[in-house]
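Computed from a predicted structure; not experimentally measured. Atoms within each ligand, like the ligands themselves, are counted from 1 in listed order.
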Amino acid sequence: MVDLKGLKFSKMHGIGNDFPIIDETKGKVISEEDKPEACRILCHRNFGVGGDGVLFVEPSDVADIGYRMFNPDGSEAEMCGNGIRCFGDFVYRKGILKKEKMTVETRAGIKTIEITLEDDEPVLFKVDMGLSTFKTPEIPMISEMDEFLDCELEVLDTTFNLTAVSVGNPHAIIFVDDLDEIDIDKYGPAIEAHEVFPEKINVHFVEVISKNEGKMRTWERGAGVTLACGTGATSTAISGYKLGLFDSNILLHLPGGDLKFNVYEKDDALGAFMKGPAELVYDGEF
Ligand SMILES: N[C@H](CCC[C@H](N)C(=O)O)C(=O)O
């Protein structure tokens, strides 16, 4: 059993997607071997701090600073969109990196964060989430199709029209007529662990309100239902744009709050800027 007594952390959230964050810029606080179990303990809502994941701040040789994210089940994710805004707030507010525009090394490549300040307080974060891919081998998804765009997938007792996309981590986007009719607790885990997704997948049900607005609910890989998913919302904005359901500027409503997106085209691929808040809830010691 990993002993976390005395561990210093800050509890943060990005529109309700919440995380303990740990500064490892001055050396490992939790060993690599112990990180999965430590994250399971920290994320536990009764026996731990509670969270939809744990964020780590690390030094980087290729960017201003480094960032890692672990899910509550102990698995490491390539990227976390709500988390990187919390990360930006944390490193700025704590004086670890007092830059309003920073580059961040992640397992999904280098991302850029631009911080908007009000009275020297970080209030809004614009993140270049980078480019997506719809190529099934790169998601990864086992399919004879090169891309899986609004195609049928059999799940338990029903069939969903699903779009598979990666923004560094994998996402299944399902556009529906009525979000309230979806049993996310039944179909979320079934899609997450579907045999066609060898590395599992994050699952999002989306209702289009207009060409510039939508609302969504998420079942996250390694976490379950969350109040928001930043990479999932990014994937939704990009997928909706690719399918002609959304224009390039999109406001998405998630149960925990709203995120704004500006989809762009680059190198024959689609990327997006994400804009949203981050909050420091408290500084703590385990
Ligand atoms: N569960 C995700 C990582 C966290 C993503 C989410 N919290 C976000 O804001 O992007 C995965 O395993 O890919």
Select one of side chain, backbone, both or neither to describe which atoms of [X] lie under 4.0 Å from any atom of ligand 1, heavy atoms only.
X	answer
N17	side chain
M79	backbone
N169	side chain

| query | Do the charged groups of E285 and K8 touch, with an N to O distance under 4.0 Å? | reply | yes
| query | Between K28 and E58, is the closest basic N to carboxylate O distance under 4.0 Å? | reply |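 Yes, this pair counts.
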| request: Could you tell me whether ligand 1 has any atom less than 4.0 Å away from a heavy atom of N202? | output: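 For ligand 1, residue contact (heavy atoms, under 4.0 Å) with N202 is present.
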| query | Heavy-atom contact under 4.0 Å between C229 and ligand 1? | reply |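 True for this residue.
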| field | Co-members of Y187 in a cluster of I, L, V, M, F, W and Y side chains, linked at under 4.5 Å | value | I139, M141, M145, F148, L153, V155, L156, F160, L162, I174, V176, L179, I182, I184, I191, V196, F197, I201, V203, F205, W219, V225
| field | Connected hydrophobic set around I110, excluding itself, where side chains approach under 4.5 Å | value |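 Members other than I110 - counting any ILVMFWY side chain reachable under 4.5 Å - are V62.
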| Y92 ring centre to K98 NZ or CZ under 6.0 Å, with the angle to the axis within 45°? | yes
May I ask you to check whether [X] has an N/O atom sitting below 3.5 Å from an N/O atom of ligand 1?
X	value
N82	yes
G81	yes
G230	yes

| query | What protein heavy atom is closest to atom 5 (C) of ligand 1, reported as residue, atom name and distance in Å? | reply |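 Result: E220 OE1, 3.4 Å.
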| task | Would you please indicate if the ring centroids of Y67 and F56 are separated by under 6.0 Å? | result | no
